[in-house]
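We're numbering straight along the sequence, starting at 1.
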Amino acid sequence: MSPRRPLPWLLAIAIAAAACSTPGGSATPSGSATPSSSTALCGTAPDPTPSTAWGPPTATPALLPLLVSDAITCGKARLLFLFVDSANVDQSAPNRSATIAFYNLGRDPNKPVVTAQGAFVWTIQDQRGMYIANVDLPEAGTWGAEVTTEAPGSARETSRSTFSVLDTATAIGIGQKAPASKTPTVTDVGGDLTKVSTDPKPDPAFYQTSVADAIAAKKPFIVIFATPKFCTSAQCGPTLDHFKPIAAAHPEITFINVEPYKLEYKNGGLQAVLDANNHLIATDTSNAWGLLAEPWMFAVDRNGIVRGSYLLTMSDAEVNEIIPVISAGS
């Protein structure tokens, strides 16, 4: 994982108090993510010409839509976004609608390529959430998002923002072979879960099988890159807790938790290994998967092919959709 700022939604809604940090202060990760492919996946649109319609707003909108997803790649994309008000308070809610029209600004800034409804999902149940929009962005380049939202008791609002779409994937993509990573298991550490996980209440089932062994055994699996103790997004612990009942309900699927940063066991627990700049250091496994953030989940079928890729969390609908997919086949 390359050095990076915290995810935008953390900055926007100022939840630093809830974020996990290393002793002595926060740290950002270092290391270079290995691209999953160096081949361009699509063409690139021309640079857009200046357009006042897509310039800065003349007045500050009451609600600001923030795109959470990073390193968006052309093709089928899963985009996460939320709304904050002028006081940086998260206003995302189940009863707030969100419709996004996507414009390829290098082609036609006046005609949307696709429009999608954002599906609200709790990232921490009944505390905070965001929206998921699944869209197909056929070209790389500069894109515009026109977001319309309304909620009971508040006026309908529309705002615009721009974002970049890449022609080359960074993380391992859907349809690619999963790296056969020899991830740590509880057997490797003599049965002591504190030596393999920073989860204060780890599910032992998440540390029984390595990614490499699951692939070799042709087991469908979901791998969860998450570190509750050192998470820069404050989402790792809640995401792991979210998966524990799911794993119990689906014994046919192997669930694997992987700590994405280099850690060492001392003073009775795992501690972060920091570089000279006090940055967390990505593991070789994180780099092999091309991670840019955590938590990140990948759903892999019996043949070792990635069928789903999910930043931050998975909704119940996404879980119910992907489990039959990775369970199928021989």
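No donor-acceptor pair under 3.5 Å is formed between the side chain of Asp213 and the backbone N or O of Thr209. With Asp275 contributing its side chain and Asn277 its backbone, the two residues share a donor-acceptor pair below 3.5 Å. With hydrogens and angles disregarded, no donor-acceptor distance shorter than 3.5 Å links the side chain of Thr149 to the backbone of Ala98. Judged by distance alone, with hydrogens and angles left aside, the side-chain atoms of Ser327 form a donor-acceptor pair with the main-chain N or O of Ile323 at under 3.5 Å. Counting only distance, with no hydrogens or angles, the side chain of Tyr131 and the backbone of Ala93 share a donor-acceptor pair below 3.5 Å. Trp54 places a side-chain N or O within donor-acceptor distance of the main-chain N or O of Pro109, the cut-off being under 3.5 Å.
Within the model, atoms CD1 of Ile72 and CZ of Arg78 stand 12.0 Å from one another, a figure rounded to the nearest 0.5 Å. Residue Leu193 holds its CG atom at 9.0 Å from CG of Asp203, rounded to the nearest 0.5 Å. Note: Ser92 OG to Met130 CE = 7.5 Å, rounded to the nearest 0.5 Å. Put simply, CD1 on Ile224 and NE2 on His242 are 9.5 Å apart, with the number rounded to the nearest 0.5 Å. Note that CG of Leu79 is 10.5 Å distant from CD1 of Ile132, once rounded to the nearest 0.5 Å. Here Gln176 contributes atom CD and Ile305 contributes atom CD1; the two are 9.0 Å apart, rounded to the nearest 0.5 Å.
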Val113 vs Glu139, test: side-chain contact (heavy atoms from CB on, under 4.5 Å). Steps then yes/no. CA-CA 11 Å; Val113 174; Glu139 274 192 307; over 6 Å; no
Please lay out, stage by stage, how Glu259 and Thr227 fare under the test side-chain hydrogen bond (donor to acceptor under 3.5 Å, both in side chains). CA-CA 5 Å; Glu259 295 277 341; Thr227 176; 2.6 Å; yes
Determine, stepwise, if the pair Phe230 / Glu294 fulfils side-chain contact (heavy atoms from CB on, under 4.5 Å). CA-CA 10 Å; Phe230 303 107; Glu294 86 292 315; over 6 Å; no
Could you walk me through whether Ile222 and Ile256 pass the side-chain contact (heavy atoms from CB on, under 4.5 Å) check? CA-CA 6 Å; Ile222 292 177; Ile256 304 169; over 6 Å; no
Given Ile100 and Glu146, is the side-chain contact (heavy atoms from CB on, under 4.5 Å) satisfied, shown in steps? CA-CA 5 Å; Ile100 314 179; Glu146 182 179 74; over 6 Å; no
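Taken together through direct or relayed side-chain contacts under 4.5 Å among Ile, Leu, Val, Met, Phe, Trp and Tyr, Leu166 and Leu41 form parts of separate hydrophobic clusters. Residues Ile124 and Leu240 do not share a hydrophobic cluster, defined by chaining ILVMFWY side chains whose heavy atoms lie under 4.5 Å apart. Hydrophobic clustering (ILVMFWY, side-chain heavy atoms < 4.5 Å, transitive): Leu67 and Val135 are in one cluster.
Among all heavy-atom pairs drawn from Leu137 and Ala77, the shortest one is CD1-CB, 4.4 Å. Heavy atoms only, all atoms of each residue included: Ala299 and Ile322 are closest at CB-CG1, 3.6 Å. The two atoms that bring Phe83 and Asp90 nearest to each other are O-OD1, 2.9 Å, heavy atoms only. Here the closest non-hydrogen pair linking Asp167 and Cys42 is CB-O, 3.9 Å. Among all heavy-atom pairs drawn from Val211 and Pro179, the shortest one is CG1-O, 3.4 Å. Contact record, Pro251 with Ala248: CD-O, 3.9 Å, taken as the closest heavy-atom pair.
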Only pairs under 3.5 Å count here: list side-chain donor-acceptor contacts from residues 306-313, not counting sequence neighbours, and write none if there are none.
unit_1: Arg307; atom_1: NE; unit_2: Asp301; atom_2: OD2; d: 2.8
unit_1: Arg307; atom_1: NH2; unit_2: Asp301; atom_2: OD2; d: 3.2
unit_1: Ser309; atom_1: OG; unit_2: Trp296; atom_2: NE1; d: 2.9

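More than 12 heavy-atom neighbours from other residues, nucleotides or ligands sit within 6.0 angstrom of NZ on Lys244.
When the side-chain hydrogen bond (donor to acceptor under 3.5 Å, both in side chains) test is applied to Gln125, no partner is found at least two apart in sequence or on another chain. For Thr44, there are no side-chain hydrogen bond (donor to acceptor under 3.5 Å, both in side chains) partners, not counting sequence neighbours. Scored by the side-chain hydrogen bond (donor to acceptor under 3.5 Å, both in side chains) test, Thr162 finds no partners at all (sequence neighbours excluded).
Annotation: side chain of Ile281 is not in contact with side chain of Tyr261 (no heavy-atom distance under 4.5 Å). No side-chain heavy atom of Thr99 sits less than 4.5 Å from a side-chain heavy atom of Val147. Side-chain contact between Gln208 and Val186 is present, with heavy atoms from C-beta onward closer than 4.5 Å. Counting only heavy atoms from C-beta outward, the side chains of Tyr265 and Thr194 approach each other to under 4.5 Å. Here the side chains of Lys195 and Pro184 are not in contact, with every heavy-atom distance at 4.5 Å or above.
The pair Lys182-Asp188 does not count as a salt bridge, with every side-chain nitrogen at least 4.0 angstrom from each carboxylate oxygen.
Pairs passing the disulfide (SG to SG under 2.5 Å) check and including a residue from residues 245-317, sequence neighbours excluded, do not occur. Counting only residues at least two apart or in different chains, disulfide (SG to SG under 2.5 Å) contacts with residues 164-222 are absent.
Remark: the Thr158 side chain and the Thr148 side chain contain an N/O donor-acceptor pair separated by less than 3.5 Å. Defined by atom type and a distance below 3.5 Å, a donor-acceptor pair is present between the side-chain atoms of Tyr207 and Asn257.
Aromatic ring pairs are classed by plane angle as parallel below 30°, tilted from 30° to 60° and perpendicular above 60°; the pair Phe206 and Phe255 is parallel.
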